Amino acid sequence: MPDPNVEMIRYLDADGTPVQDLPDFARQRDTLVDLYAAMVRTRAFDAKAVALQRTGRLGTYGSSLGQEAIGIGVASVMLAEDVFIPSFREHGAQMMRGVSMEELFLYWGGDERGNDFAAPLARRDFPVCVPVGSQFPQAAGVALALVQKGARGVAVAVAGDGATSKGDFYEAMNMVGVWQLPAVFVINNNQWAISLRRQDQTAAETLAQKSVAAGIPGVVVDGNDVIAVRQVTAQALSRARAGPGGTLIECVTYRLGDHTTSDDASRYREDEEVSPHWRQEPVLRLRNHLVAAHGWSKDEEEALLRESNDSVDKAAEVYLATQPDRPRAMFEHMFAQMPTELAQQAGDVADD
Amino acid sequence: MPDPNVEMIRYLDADGTPVQDLPDFARQRDTLVDLYAAMVRTRAFDAKAVALQRTGRLGTYGSSLGQEAIGIGVASVMLAEDVFIPSFREHGAQMMRGVSMEELFLYWGGDERGNDFAAPLARRDFPVCVPVGSQFPQAAGVALALVQKGARGVAVAVAGDGATSKGDFYEAMNMVGVWQLPAVFVINNNQWAISLRRQDQTAAETLAQKSVAAGIPGVVVDGNDVIAVRQVTAQALSRARAGPGGTLIECVTYRLGDHTTSDDASRYREDEEVSPHWRQEPVLRLRNHLVAAHGWSKDEEEALLRESNDSVDKAAEVYLATQPDRPRAMFEHMFAQMPTELAQQAGDVADD
Amino acid sequence: MTEMTMIEAIRTALARAMDDDPDVILMGEDVGINGGVFRATDGLIQRFGASRVRDTPLSETAIAGVAVGAAVQGLRPVAEIQFMGFLYPAIDQLANHAARFRNRTRGRLTCPMVLRAPYGGGIGAPEHHSESMEAMLAHIPGLRVVSPSSPAKAYGLLLAAIRDPDPVVFLEPKRLYRAGSETVTDDGAALPLDTAFRLREGADLTIVGWGAMLSEVNEAADQLAGEGISAEVIDLATLKPYDRAMVRASVEKTGRCVIVHEAPLTAGFGAEIAADLAEHSLTSLLAPVHRVTGYDTVMPYPRLEAHYMPSTERILKAARAVMEFQ
Amino acid sequence: MTEMTMIEAIRTALARAMDDDPDVILMGEDVGINGGVFRATDGLIQRFGASRVRDTPLSETAIAGVAVGAAVQGLRPVAEIQFMGFLYPAIDQLANHAARFRNRTRGRLTCPMVLRAPYGGGIGAPEHHSESMEAMLAHIPGLRVVSPSSPAKAYGLLLAAIRDPDPVVFLEPKRLYRAGSETVTDDGAALPLDTAFRLREGADLTIVGWGAMLSEVNEAADQLAGEGISAEVIDLATLKPYDRAMVRASVEKTGRCVIVHEAPLTAGFGAEIAADLAEHSLTSLLAPVHRVTGYDTVMPYPRLEAHYMPSTERILKAARAVMEFQ
Ligand SMILES: Cc1ncc(C[n+]2csc(CCOP(=O)(O)OP(=O)(O)O)c2C)c(N)n1
Ligand SMILES: Cc1ncc(C[n+]2csc(CCOP(=O)(O)OP(=O)(O)O)c2C)c(N)n1
Ligand SMILES: [Mg+2]
Ligand SMILES: [Mg+2]
């Protein structure tokens, strides 16, 4: 029986101090700065999105505050031939895959065109999956298609701790196991599914151990340590590419904010519970490490923040200036060829 | 993390020789004879049912040939306050719970009245569950009701190896784990789900290890050893009654016959594969033990066979003499009070 | 007698049912300490305890299946599916089990459960949060499907649903949760599940609707009145089985019928009503039956949602077409 | 040109599609070495290998979801659900995903998959093995729902379904699998998915049906002919979207319509057809539209099944009532 590593894999402690030898990539300043910049940009995007929502200019939005290391770590080692199948909380990973901030704003602003990713890298990626956990069977299907077509790509799906209670997750993981499909299932275990605590979600000690049910390896990783997430994902990806199948990766982190802008977490959790987690969060952690190990300067930090905020603001402006699509558009993409009855119904709505 | 016992629990080897100290109940001749008689009767029932089907007097039927020890072992330690929630292959357990052979014949003959169990013991038991695995969430619900109502009963569900691939199984087991419900999930692992081999059903080494995903204990037991099945079930039931929750029990056995009377197993498995399993089968095993340890005589054996066949034949006769229900009956049990529109529709069919 | 919004009325009915009957339990995602994402169960865990107000894992199949098992075993579970768009995994348990226990055991085992779910659009919710698929459920033999159109109806119908000895799917038009309030008396009086409600008497045409669409229907009826057209408005309330007699009688009186629903047109529940009229009231029809519905498209994201929702204007257009028909 | 039963025609179409397009793969329970429980895929694993004919674990949710993911990623999966009664867990993937990918990505990602399932009763199968819930699927925007009524139609429509760039649910009336045979030419020619089939021309009334019920419909039409009543018979074949124009034109010609289906009456697909007529062909109707359908009951176990199934006699009764109406 596979024995999921119940010891959490971690490279940096909360202060950014290495607790074991760093992998090669993590000794390179540039690589770490790229990871850091991506996390900072994600945080800036989140802040802007929440602000837009609060002022009525965006729909319900789920911030990834405090969970940036997961998506960034995962996407940073994915290749062009891989396919990303995200939950609704992996904005950072989506951006790293080439989805533009304008597209993300459009999506969360309630416009389907936000899912028509222009970037070649993201062209085959899936839009976010709202029905929790239902992306896992699809990811298994993507993996099957990749194998069947002789591609060397891997299907990478991300979902939350709550998603691990869905039958979809389990059925898909079981199929990945029995068909040895190149799929990596990543769990963003942010300790909460809206108001449900992780320990009320399942009696399993770790979420990674759920892989035992499917006979595939499971790993627990510190989800606030982008180096660890990246390293573990890289291993799972090479394993998948080499052929012996899928891996379940549990990334342990914490949801610092509300579930979404529609949620008020103060109804069900105390601030005192949240506070200590601010000390663990991934952006600060990597900054500490960059400062200590690579002389990351105040100027560099300020330039990065400015640049991130500027790019986010610019994207928001483009989004806000984008007119809604023509009402007819809702009919035009239902089928490759519009059936007669739909064309008749479309006659009801204005042409532009 | 719970560690499901991957060593299979067994008391009698294939020859009926004890491989370890027997539990108390298994030292008593009467108890063993009762278990044996129940298995023999089940086998006689199966044979008759298949014969009736072959001659067009029963519907599609799934025999439990070779798997009798599971249901008998399980049901023999269930109490009146427990609730049985069976798959379609646990005729033996149903009979032990008081369901009459006439009722079983009626059900398999295509008559809903076969589910209106008359025996007090079976009065709250569920009819067989055809949609594979969907009985598990219900079993969790039964367990919840038992707890909620302050009863000390346990919900006991049985399903096949195939059922362990359904999301239902997993979601239910997870709920049993997190709510610590008094539920015992028994898997009849007969190595086949119609034509799918056990090893193509899941990459998990054992089915019992799937319990790890839900944080509940899992046990592997020799499903051809009625003593082992009974003993392990008894332990799981006391654990459930005492409060700390559910257990998954994998009973390893072999489907000696076709999947059902509609199936032709020779399409997908060789006789050579089946033959060795005849040496393992549960009825012969217990008979060997009874003969060796308790002087079970040829006369006793013959009397039992005669008696079993007689009771089966008698029940079959009653079944065959039972007229189909009035056509109107299909409307009469849809709701407590028949809605007007249904009453109008019922006007279409003959009154008797 | 208190002014209540629909969400308050639902909460009040739940509390009343739990007070009256210890077998009533609530379960669903976030129904406990969070009080439900729409606050339908706010305060109930404090009042009735965590064993009767149960936060479930994120498992819609199990939510339905556990409710079925618990109901069959003697509880009266009221399970919540957080949004109708996430109800599909519960259909297996509803269609293959809840709806059948009484029938397949010839009355020995029954399944008195309620499955609540908010449904419908018009509030700018994210995708999968605005569906109206009541017709799929109404096609399942053995289920009752109910949808209230006002706080008082929500209160009375929900009590009736919980007390009903058979499974009921209770669909709550979330657009109405806080859209207005009315006087609701918490007297424990249930409303009948087998009659529709005539919201307005009229002579010229009948407009049939349910749930949130009654707002637009009533608005349209007001405007029509101004134009000298007297519309009879029927709130179906219980869709399955629905009050065919009232609809037929009304249309036989007015001779004209417009049916309004948010769900897509094709095989929507409006089809059943129109078909019933074509079958039983044909000779009274002075004009074609019109259906004003959502389109056969995916419910659009918020920016185009308004173009999908049947508007007062579209209802008026249909009503006028029906009146002008000759 | 060969005589084929429907099951042979389906197998032939599958083989043809797999020969033509390496992206076509089959998956489902027992579709491999066992050749499917009805033998629809018999011999295909030997011919196309285990990587293109995949026996799945017992996981309907994953069967549908894997098909969705594979289709979106460029395969043309044909997934089998062993019986329609076990299709419910696949609805989430169908409604929330398969039917939406093209729309929600504005054409970037598409989902050219086929979900096959045997449906319908009349063969004395165990409970849950005889359902006809096509209306539930036909209500989902973005899906095509197809059901053949003969071997040749099964061949041509299945090829069309597999080649269609969008998701198609292909419902096979299992009562017809071996009920007869006809000449089928394995020429790779697909039948259109957007037109119904006029099986018989007639002047006095229109009978609309699909799938297995066409047997009874044709029988009824024969008998009616003997009584001097000329029935036009339309096989809908594609239910969603269906050929409204042909049905309307026929009823506008005959003035009378009987609709036949095995599924329960309420909110069955017959309701849509009757509603469409009440909306668009009302003035041509010389008599009420009649629906001859299953009842709003659970499909009975085999012993009472025959009383549930719409019989030739019930169709005749409806046809005569429609003819005698004045
Ligand atoms: C199948 C399904 N059920 C319910 C919901 C409503 N819902 C949205 S997010 C959420 C909680 C998700 O928790 P988790 O999986 O831990 O992800 P997180 O939001 O914490 O990232 C719920 C219940 C949904 N989107 N899908
Ligand atoms: C959900 C569901 N899918 C498919 C079927 C058709 N079917 C009936 S039995 C069976 C195999 C069951 O295998 P297993 O669970 O191992 O039980 P066994 O028959 O071996 O006792 C299948 C696929 C079904 N009844 N239910
Ligand atoms: Mg979470
Ligand atoms: Mg089996």
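To find a chain, count down the sequence lines: A is the first, B the second, and so on, and within it residues start at 1. Values in this document were obtained by computation on a predicted structure and should not be read as measured data.
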*Point-to-point distance, once rounded to the nearest 0.5 Å, from CD1 of Ile234(C) to CG of Leu236(C)*: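 Here the interatomic distance stands at 8.0 Å.
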
_Distance, nearest 0.5 Å, that separates OG of Ser87(B) from CD of Glu90(B)_ =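 Result: 4.5 Å between the selected atoms.
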
_If we check salt bridge (charged side-chain N to carboxylate O under 4.0 Å, His left out) with Asp82(B), which of these qualifies: Arg97(B), Arg124(B), Arg241(B)?_
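So, applying the salt bridge (charged side-chain N to carboxylate O under 4.0 Å, His left out) to Asp82(B) and each of Arg97(B), Arg124(B), Arg241(B), only Arg241(B) qualifies.
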
Chain B contact via [X] - which portion, at a heavy-atom distance below 4.5 Å:
X         : answer
Leu193(C) : neither
Leu75(C)  : both
Pro241(C) : both
Thr56(C)  : both
Asp23(C)  : side chain
Pro89(C)  : neither
Asp55(C)  : backbone

Go through the atoms of [X] and report whether side chain, backbone, both or neither lie under 4.5 Å from a heavy atom of chain C.
X         : result
Ala336(B) : both
Ala122(B) : backbone
Ala329(B) : both
Phe136(B) : neither
Val142(B) : both
Glu332(B) : neither
Tyr170(B) : neither

Side chain to side chain, [X] and [Y], heavy atoms closer than 4.5 Å:
X         : Y         : answer
Glu131(C) : Phe83(C)  : no
Leu237(B) : Val156(B) : yes
Arg328(B) : Val349(B) : yes
Arg144(C) : Asp164(C) : yes
Asp168(B) : Gln135(B) : no

*asked:* Can a side-chain donor-acceptor contact be found between Tyr61(B) and His91(B) if the only test is distance below 3.5 angstrom?
replied: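 Per modelled atom types, His91(B) and Tyr61(B) side chains form a pair under 3.5 Å.
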
Which heavy atom of [X] sits nearest to which heavy atom of [Y], and what is that distance?
X         : Y         : answer
Ile273(C) : Tyr242(C) : CA-OH, 3.5 Å
Pro182(B) : Ala143(B) : O-CB, 3.4 Å
Glu134(C) : Met84(C)  : N-CE, 3.6 Å

Against chain C, work out which of [options] has the most heavy-atom pairs shorter than 4.5 Å and name it.
options                                    : answer
Val130(B), Asn174(B), Asp125(B)            : Asp125(B)
Arg113(B), His333(B), Lys149(B), Glu112(B) : His333(B)
Pro339(B), Ala151(B), Pro131(B), Ala155(B) : Pro131(B)
Gln337(B), Arg123(B), Glu171(B)            : Glu171(B)

*Using non-hydrogen atoms and a limit below 4.5 Å, what part of residues 90-103 of chain C faces chain B?*
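From residues 90-103 of chain C, the residues near chain B are Asp92(C), Gln93(C), Asn96(C), His97(C), Ala99(C), Phe101(C), Arg102(C), Asn103(C).
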
Among [options], which residue has the highest count of heavy-atom pairs closer than 4.5 Å to chain B?
options                                   : value
Pro112(C), Ala70(C), Pro165(C), Pro22(C)  : Ala70(C)
Asp194(C), Val72(C), Thr110(C), Asp243(C) : Val72(C)
Arg54(C), Met27(C), Arg52(C)              : Arg54(C)

*Give a yes or no on whether a salt bridge exists between Asp325(B) and Arg106(C), defined as a side-chain N under 4.0 angstrom from a carboxylate O.*
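Yes, Asp325(B) and Arg106(C) are salt-bridged.
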
*Test Thr60(B) against Thr261(B) for side-chain hydrogen bond (donor to acceptor under 3.5 Å, both in side chains), laying out the working first.*
CA-CA 6 Å; Thr60(B) 301; Thr261(B) 50; 4.6 Å; no

*Classify the angle between the aromatic ring planes of Phe185(B) and Phe169(B) as parallel (below 30°), tilted (30 to 60°) or perpendicular (above 60°).*
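Tilted.
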
_Between Glu250(B) (side chain only) and Leu207(B) (backbone N and O only), is there a donor and an acceptor less than 3.5 Å apart?_
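Judged by distance alone, yes, a pair lies under 3.5 Å.
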
